[in-house]
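See structure below.
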Amino acid sequence: MRTIIVEKKSSKGIVMGNVYLVEKQDLKPRQDMINEDQIELEVASYDKAVAKAVSELEVLAKDNEIFAAHVELAKDIALYEGVVNRIRNEKQNAEIALRNTEEEYCAIFDMMDDEYMRERSADLKDICNRFMRILKGLEERDFSGIREKVILVAEDLAPSDTAKLNLNYVLGFITKLGGVTSHVSIMARSLGLPALVGVSEILDEVKGNEFVILDANEGRIYIDPSDDFVAEFKLKADEFARKQKELEEASHLPAVTTDGRKVKVCANVGSVEDVKNMLKFSPDGIGLFRSEFLYMENTHFPTEEEQFEAYKEAAVLCGKEVIIRTLDIGGDKELSYYDFEAEENPFLGFRAIRISLELVDVFKAQLRALLRASAFGDVRIMYPMIISMEELTRANEILEICKKELAAEGKAFNENIKVGMMIETPASVIQAEEFAKHVDFFSIGTNDLTQYMLVVDRGNKKISKLYDTFHPAVLKCIKRVIDAGHAQNIEVGMCGEFAADDKGTGLLLGMGLDEFSVSAGSIPEVKDKIRKSSYNEAKAVADRIGDAYTIDEVMKLL
Amino acid sequence: MVSQKIKVINKSGLHLRPAGELTKIAGKCLSDITLVKGEKRVNPKSVLILMSAGIMCGDEIIVECDGPTEEEDLKTIVAAIESGLGE
């Protein structure tokens, strides 16, 4: 047995089966030079190749919009002129002229800073290979030889290849080239098939029809494994498949512990699109709707009307509680249409609620939109980055003004809309007992809280080891906030990936957290974890952790 | 010649699909069109050249139109970019 270890993991899953090696067609250009008389012949044959490629692509474009863009590329005037000029002026044959032109443009794409743009050179190569194949009189590659379920191994697979593939016969993909945003990766993820890409040695290591195990969870490829190994691995693969299925099927069940404590598992979303996508995971609501996207993807501060439409749609789609955080911009998030003055310490600077309280008109447009949306569902307002009672009071004063205005205008809204705050600053932790008397809910933001509590810049690689939410000081903050909220009978949630952390979930459950808000894809796992836990046992562990003085001690107890 | 400054709003910039869309629209304009990004000047009638300019979200570019229908063409191109090119 040979083993290949792969770093880039593109799409999860474990499969085993025979390799179907996608043979490369020989698309090397012929090397002869042409003479004066042959110029027009070469140009004519190139014209014919382009026409044929365009008509092939137009057929493909009917089922797949990516080919509509390929049609444009195939007809591209710069590409065409590049090739024809080389034929006419440099007496290159059409094949060499094509390859040289392709290389010229690919080099430009390959030099770009942006990974997405770099991978677009693959689109160009795909089209040029189509031209070349037609110039050489070769037929389109087909996969009609595949008659059983196989693991497809190729140098790379272009959209034009996969369009012809009968996906019922594909167990998974391994390609020599490509990255996590390449065509194969995106396709595999959307189909839920495992894939490993950028496996540079794969074509040297594996032959057609050889049996392999593709473990895309761990990033391993086992070639020609022993029977014992296969039997053992089958158990692992079955276990994984069973677990995935079970998790997804069980996701609609409520998150209740074995001893009957029910908590909410909600989704963090950043757009109306996210709201649509999260529905299949049956969340108990939206624990964090980041309103920033409305501002960041815009050319102006979004109007009340624009925001109202978005919030209303989210509330209606979700049908449960929707906590919308008011604008949290600044720090590392900027707006193209507003000039944030350069700051020495942007994370300690003009951001979030500080901006809202300064740009009152912008804040009012958002609050009015939120209030109006509350007539259509359980919309709740959450203020970010609060450090003082004055800020909370001021924000609520502006909210009251908005309510009065809307009432005077005869516009519908929920008079008793729930208003809460993020707990993400040390000041808000220290004063949590007082804040709890003035809000309807807390939501702990662990990313910022950890960063501010430990004074560690979470983006600084040199000190990234110091950034650890399991630091006893951070855990004490979380516990204190939960207790402070419960003393006033308000719900305490968390909207940070710590709530979905393998060990974090259980610990927070034991501390008494009421609502776990995580990215939609994590919901099945978090719910599963909670359903398998006993609240009383989790509580006993959480209590013991209160006495831990170091991160090591904390980890030992978990 | 007429020109106008505009900000690109497409999330991943003028990559394949929106660039193709713009190329189609530019192809129907009679004037010579140039997009200027910093030092780079590109002809949006070629999707390849347009993509090679690496125009990203938030980039400010200048649209120049030169020809008999320049006023109209400028409006068409600017409106197309502002609309997000079908994204």
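Throughout, protein chains are lettered first and strands after them, A, B, ... in sequence-line order, and every chain is numbered starting at 1. None of these values were measured; they are calculated from a predicted model.
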Option that, when pairs with chain A are counted at under 4.5 Å, heavy atom only, ranks first among B/K24, B/E60, B/K45, B/E82: B/K24
So which residue, A/I77, A/L124, A/D76, ends up with the most heavy-atom pairs under 4.5 Å with chain B? A/D76
Nearest heavy-atom neighbours spanning A/L73 and B/M51: CD1-CE, 4.3 Å
Once you round to the nearest 0.5 Å, how far does CD of A/E81 lie from CG of B/L48? 11.5 Å
CD of A/E304: more than 12 outside heavy atoms within 6.0 angstrom? yes
Working to the nearest 0.5 Å, report the span between NZ of A/K75 and OG of B/S46. 13.5 Å
Give a yes or no on whether B/K7 atom NZ has more than 12 heavy-atom contacts from other residues, nucleotides or ligands under 6.0 Å away. yes
Tell me whether the count of non-hydrogen atoms from other residues, nucleotides or ligands lying under 6.0 Å of CD in A/E343 goes above 12. yes
Quick check for you: to the nearest 0.5 Å, what is the distance between A/I108 atom CD1 and B/I49 atom CD1? 8.0 Å
